[in-house]
Amino acid sequence: PHMDIRYRGQRSLTLPKKQWKFRFNRHQHYEGNSHIETMANLPFVQEVIFEMFDAAGTLNLDSELIRVHRNGDFYGVYIAFEMPNTSWLAKHEFHPDGEVYKARSVSLTVGSTLYQHEIDTDFEYWWAWNKKTRGLEKPDEIRDLTENLNRLPASELLPWMEKHIDLDQWFKRWALYIHMNVDDFTAHNYYMFLPGDPGAKWIQLAYDFDSGYTFSRVGPLRALYGDGSGVSDRDDWQNGKFYNIVANNPTLTRLYFHTLSDINTFYDADVFLPMIDEMFADVTTDRNSDRSRWNNTMRLDTREIRSVFSAQKARTLIAIERESLPEDVRPACLPPGGSFDGRVLAHMGAPPEWDVVYTTDGRDPRLSDTAVNYDGPIWIEESTEFRVAARRGPAEEGDWTRVRDFSFSITPLPEVGPFVRGDCDGDGEVVISDAIHMLVAAFTNEVRPLPCLAACDTTACLLYTSDAADEGLGVDLGGRRI
């Protein structure tokens, strides 16, 4: 056979419309995939959410809507998506040493010494992850991630997270979930991906969005959903370690809300609602066929999607405004970067009560232990990338601005040798009259100076060989121009 087919997930044992996992022969992969996963419930909604991740520019799994026929008969419409593993790394030209782990739901018994939630994966226990690449190797990377998130104090945790976690990608994923009201994401339904390149950071890859764009399962998600303190958080399992860390750290909270604000701006109804309507119209025939067979796995129209889209955008905007983000405060640099011949003096500043903090190693100054407090003008001697933020009050209060980047490209000046007095008036002698000649040239129009970059300093002048006289000045330089 060309492929192996089996049910996907425990729910397929009870669902009328089964979910499938396809495994392709080693030498007959489908578009570079050794495996394809499918989900049966609300496939159109799930494809919309996959498209949102792509439009937001956050790395995620590729997906597509597919039509399944069984023994020649139409069976149903599904959302199909990649399963990240070793062949997935090769398909996307990632480093072959990349690591992928799947978050698994682990049922725990009340009273167990390990019990915190009814279903618990998240980052409490490293052994709750399923290694998807090089399965016989030790899971050292996920163990290191889990142990550091649980054990490091805040003073050490923030620099560690900045160095090892792509927080911008994690926060975008979180913010998109909130806007689309996808509640089921803090403990499972994602993969952890660590690219194999030196200095790479952990990325989260998401799937299973059948709870999105509806309020029928849970109410509207709050902006910091996931730390177990809200009505919709379903504390028995939607209570995550990472989300607790963020909610209880003012700096991480501020960074997350900056990202949430960016996603709220990106989440434009005028752009995306017409796109959703067009996508919905394109699948009309298959949608009707699926509904005639399974009844409720496809929606009749886009009204609920539109309603949730607008409501969550508005509610999230209210939460952002309550945070009073300092969007009008921006650290400044003069000059604001650019290309320069020789060193340049840079001045930085911010409004009163705000302190400027910067890094030159590409790291976020709000998190990094390499950040420097600006205390005066900086001579920039070589090409440097500054990442600059402003902070009001102590660092532990987390009152930070956004980061601004200033790039300086420095071209070194040529080395200048020792000072040598030159024949400035062209009389063949190096005497006091050369200095008088240059003073007269500087302060009157009676004589023209010879073309020299530094007065009477032959080391800074251009030398070349020629026996011709300089026609412009009428002076024979004896084979040397200075």
Side-chain angles (χ1 to χ4, degrees), residues 1-25 28-55 60-85 87-88 91 102-103 105 132 176-177 180-185 188-191 205-214 216-217 275-302 304-305:
H2 297 293
M3 67 176 71
D4 173 68
I5 304 173
R6 67 174 178 85
Y7 289 159
R8 176 191 173 275
Q10 295 179 0
R11 292 184 63 195
S12 286
L13 299 176
T14 57
L15 289 173
K17 184 182 179 183
K18 305 301 182 184
Q19 301 182 143
W20 311 97
K21 176 178 288 188
F22 302 107
R23 185 179 67 184
F24 301 92
N25 287 348
Q28 294 177 302
H29 285 181
Y30 172 70
E31 296 184 351
N33 298 291
S34 64
H35 294 73
I36 290 291
E37 308 251 28
T38 69
M39 291 197 67
N41 193 36
L42 301 176
F44 175 76
V45 170
Q46 298 204 51
E47 176 62 6
V48 168
I49 295 175
F50 273 111
E51 291 287 339
M52 286 294 179
F53 274 88
D54 185 60
N60 202 42
L61 304 172
D62 289 346
S63 69
E64 60 182 330
L65 289 171
I66 65 171
R67 184 191 305 113
V68 173
H69 293 259
R70 190 171 69 172
N71 297 327
D73 297 326
F74 176 83
Y75 187 79
V77 177
Y78 288 79
I79 182 68
F81 53 93
E82 302 171 306
M83 187 181 84
N85 53 21
S87 63
W88 178 82
K91 172 188 174 181
K102 183 179 182 180
S105 300
K132 307 300 290 187
L176 286 166
Y177 279 137
M180 297 181 287
N181 216 61
V182 181
D183 72 299
D184 187 10
F185 64 86
H188 61 176
N189 294 338
Y190 66 99
Y191 293 87
L205 306 172
Y207 66 95
D208 192 347
F209 308 126
D210 62 357
S211 66
Y213 285 118
T214 182
S216 62
R217 173 160 149 167
M275 180 195 81
I276 292 170
D277 287 337
E278 182 178 355
M279 290 173 60
F280 191 79
D282 287 342
V283 298
T284 299
T285 300
D286 291 325
R287 185 180 68 251
N288 292 337
S289 297
D290 192 275
R291 286 190 61 84
S292 67
R293 182 179 181 111
W294 303 111
N295 187 30
N296 61 353
T297 61
M298 298 282 279
R299 292 184 181 173
L300 285 169
D301 51 49
T302 62
E304 187 174 22
I305 296 177

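As a basis for the values below, the full set of heavy atoms in this structure was taken, side chains included, without hydrogen atoms, waters or symmetry mates. The structure displayed is predicted, hence computed values, not measured ones. If you read the sequence from its start, that first residue is 1, and numbering goes on from there.
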Query raised in the report: Can you list the steps and then say if Ser63 with Gln46 is a side-chain hydrogen bond (donor to acceptor under 3.5 Å, both in side chains)?
Result: CA-CA 9 Å; Ser63 69; Gln46 298 204 51; over 6 Å; no
Query raised in the report: Which value, rounded to the nearest 0.5 Å, describes the distance between Asn189 atom CG and Met39 atom CE?
Result: 7.0 Å
Report summary line: Separation between CE (Met298) and CG (Asn295), nearest 0.5 Å, reads 12.5 Å
Query - Nearest heavy atoms of Leu42 and Asn296, plus distance in Å - result: CD2-O, 4.4 Å
Query raised in the report: Would you say the side chains of Thr297 and Asn41 form a donor-acceptor pair under 3.5 Å?
Result: no
Query raised in the report: Do the numbers put Lys102 on top of the ring of Tyr190, so that NZ or CZ is under 6.0 Å from the six-membered ring centre and no more than 45° off the axis?
Result: no
Query raised in the report: Are Phe280 and Phe44 an aromatic pair by the rule of ring centers under 6.0 Å?
Result: yes
Query - Residues in side-chain hydrogen bond (donor to acceptor under 3.5 Å, both in side chains) contact with Arg299, at least two apart in sequence or another chain - result: none
Query raised in the report: Taking atom OG1 of Thr38 and atom NZ of Lys18, what is their separation to the nearest 0.5 Å?
Result: 12.5 Å
**Report entry** Flag side-chain contact, heavy atom, 4.5 Å: Glu51 against Met279
**Finding:** yes
Query raised in the report: Got a sec, which residues hit salt bridge (charged side-chain N to carboxylate O under 4.0 Å, His left out) with Asp73, two or more places apart in sequence or on another chain?
Result: none
**Report entry** Exam field: side chain Arg293 to backbone Phe74, donor-acceptor pair closer than 3.5 Å
**Finding:** yes
Report task. Establish, yes or no, whether a centroid distance under 6.0 Å links the rings of Phe22 and Tyr30. Result -> no
Requested in this report: Could you walk me through whether Lys17 and Tyr78 pass side chain to side chain contact (heavy atoms under 4.5 Å, CB included), step by step?
Outcome: CA-CA 10 Å; Lys17 184 182 179 183; Tyr78 288 79; 3.6 Å; yes
Query raised in the report: Do Lys91 and Glu31 sit within salt-bridge range, that is, some charged N less than 4.0 Å from a carboxylate O?
Result: no
Query raised in the report: Quick one: does Asn25's side chain have a donor or acceptor within less than 3.5 Å of a partner on Gln28's backbone?
Result: no
Requested in this report: For Asn33 and Ser87, test the side chains for any donor-to-acceptor distance below 3.5 angstrom and give the result as yes or no.
Outcome: no
**Report entry** Between CG on residue Leu13 and CD on residue Gln19, distance to nearest 0.5 Å
**Finding:** 10.5 Å
Query raised in the report: Just wondering, do Val283 and Leu65 contact through their side chains at under 4.5 Å, heavy atoms?
Result: yes
**Report entry** Asp62 backbone acceptor or donor facing Glu82 side chain under 3.5 Å
**Finding:** yes
Report summary line: One should read off an interatomic distance between Asp277 CG and Thr302 OG1, to the nearest 0.5 angstrom, of 4.0 Å
Query raised in the report: To the nearest 0.5 Å, how far apart are CD1 in Ile49 and CE in Met180?
Result: 5.0 Å
Query raised in the report: Taking atom types as modelled, is there a side-chain donor on Tyr7 or Trp20 under 3.5 Å from an acceptor on the other?
Result: no
Query raised in the report: Between Arg217 and Asp184, is there a salt bridge with N-O shorter than 4.0 Å?
Result: yes
Report summary line: All heavy atoms of Glu47 vs all of Ile79, minimum pair found to be OE1-CD1, 3.1 Å
Query raised in the report: What are the two closest heavy atoms between Pro16 and Tyr75, and how far apart are they?
Result: O-OH, 3.7 Å
Query - Atom of Gly212, atom of Val45 and distance for their closest heavy-atom approach - result: O-CG1, 3.7 Å
Query raised in the report: Below 6.0 angstrom between ring centroids: does that apply to Tyr207 and Phe185?
Result: no
Report task. Taking all non-hydrogen atoms of both residues into account, name the closest pair between Tyr191 and Glu37 and its distance. Result -> OH-OE2, 3.4 Å
Report task. Among Thr285, Thr284, Asp286, Asp290, find the residue that satisfies the side-chain contact (heavy atoms from CB on, under 4.5 Å) test when tested with Asn288. Result -> Thr284
Query raised in the report: Just by distance, do the side chain of Asn60 and the backbone of Ala206 share a donor-acceptor pair under 3.5 Å?
Result: yes
Report task. Taking Asn181 for its side chain and Thr214 for its backbone only, find out whether a donor-acceptor pair lies under 3.5 Å. Result -> yes
Query raised in the report: Which atom pair, heavy atoms only, marks the closest approach of Gly76 to Trp294?
Result: CA-NE1, 4.1 Å
